[in-house]
> 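Structure below; questions to follow.
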Number of protein chains: 2
Amino acid sequence: MQDGTFLSPAYLDVTTLDGAPGATGRRGDVFARNCPTRQLLDRVGDKWSILLLGMLGEGEMRFSALKRRVDGISQKMLAQTLRTLERDGLITRHVEPTVPVSVTYAITPLGRELLGALQWLIDWAETRMGAVAQAQVAYDLRMAD
Amino acid sequence: MQDGTFLSPAYLDVTTLDGAPGATGRRGDVFARNCPTRQLLDRVGDKWSILLLGMLGEGEMRFSALKRRVDGISQKMLAQTLRTLERDGLITRHVEPTVPVSVTYAITPLGRELLGALQWLIDWAETRMGAVAQAQVAYDLRMAD
DNA sequence: CAGCATCCATGACGATACTG
DNA sequence: CAGTATCGTCATGGATGCTG
């Protein structure tokens, strides 16, 4: 990161999937518009995705169970987020044709990989959110003069 | 993560900063409402924060330089995001009293730590976004019947 | 049970204009 | 140069009601 790896033109390949090397000349554009950070954030940047992925990391679970445990989520956002996660290949959806129907969600290996990468962020939050909160207090005091 | 570490009651301490242990009994509530994931996402979940932190990870930079290099950002969002990052202790702001004034931003050790944790996510995106894109295509085909 | 469709409020964001 | 202030737009997401 410090050497700017995530600014590199290689990201274009990830984004376009055709990897046109001729278009990788202008570094600034690559940074701003085609960085996979954008796509990544679409997935992990909303408040429910990580929560649901974390829940399913504990084991497969049904719609109603997820709704109960991830308290505060609306069924709209639950259904919507689950669909996105499924489409991204991060979780699977299994329909048991009972009456009434029963649907079970489970994390995929790809999803578990993401969860693993996320762990570093979680660890940082665990250990450093206190420092962030302190910085905020200090900042607010400095500005309150 | 797989064992549910980021669901643990310990997160309450991070959130409330008073660490009332008596309130940590109900696991479900802890998961949903006080998980630092929420606070964390406020910081890294928007599209400009990571980009700016990454830019400043390369070296200190002035307002106008950031605006030029992070192409597509409005001066409103640039100023706003920089202020948030500064308040969180992730970057510093140095004002040189020239005419006209010159302001330089730099990453802090705390910010660099976050950038390091972010690197795992970036790496995942680099290597696996292709798999995600493939999963999307497969999903869309499945649903298009 | 597991959703989808609809309506609606909030607020995020960009564009523009102005200032020390 | 480095912002602040204001406005309009648009997307996000919650609440509600309906269905196989």
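As the structure is a computational prediction, the values presented were derived from the model and not from experiment. Only this structure's heavy atoms are used, side chains among them; waters, hydrogens and symmetry mates stay out.
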> Are A:Leu90 and A:Val103 connected into the same hydrophobic cluster when the rule is that any two of I, L, V, M, F, W, Y join if their side-chain heavy atoms are below 4.5 Å apart?
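In one cluster: yes.
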
> Tell me whether B:Glu58 is salt-bridged to B:Arg69, with the criterion being a basic N under 4.0 Å from an acidic carboxylate O.
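So B:Glu58 pairs with B:Arg69 through a salt bridge.
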
> Just to be sure I understand the geometry, which residues of residues 86-98 of chain B put a non-hydrogen atom under 4.0 Å away from DNA chain C?
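Hits under 4.0 Å, by residue number: none.
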
> Could you list, one pair per line, each protein nitrogen or oxygen that sits under 3.5 Å from a nitrogen or oxygen of nucleotides 13-16 of chain D, together with the distance?
residue	atom	partner	partner atom	Å
D:dG13	N7	A:Lys76	NZ	3.1
D:dG14	OP2	A:Ser74	OG	3.2
D:dG14	O6	A:Lys76	NZ	2.5

> Can you tell whether the side chains of B:Arg128 and B:Asp123 come within less than 4.0 Å, N to carboxylate O?
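Salt bridge between B:Arg128 and B:Asp123, a charged N being under 4.0 Å from a carboxylate O: no.
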
> B:Ala79 has a side chain; which of C:dG3, D:dT4, C:dC1 sits nearest to it?
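Of all the options, the side chain of B:Ala79 is nearest to D:dT4.
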
> What are the two closest non-hydrogen atoms of A:Thr81 and A:Ser49, and how far apart are they?
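Result for this residue pair: CG2-OG, 3.6 Å.
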
> Expressed as a whole number of angstroms, how long is the span from B:Leu78:CG to C:dC13:P?
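About 13 Å, once rounded to whole Å.
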
> Can you measure B:Leu85 atom CG to D:dG3 atom C1' for me and round it to whole angstrom units?
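Answer to the nearest Å: 16 Å.
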
> Looking only at side-chain atoms of B:Arg62, point me to the closest of D:dG3, D:dC1, C:dA2.
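That would be D:dC1.
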
> Please work out which of the three classes, parallel, tilted or perpendicular, describes the rings of A:Tyr105 and A:Phe63, given edges at 30° and 60°.
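Judged by the thresholds at 30° and 60°, the geometry between A:Phe63 and A:Tyr105 is tilted.
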
> Over all heavy atoms of both residues, which pair between B:Ala117 and A:Trp124 is shortest? Give the atoms and the distance, please.
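Closest pair (atom of B:Ala117, atom of A:Trp124, distance): CB-CB, 4.1 Å.
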
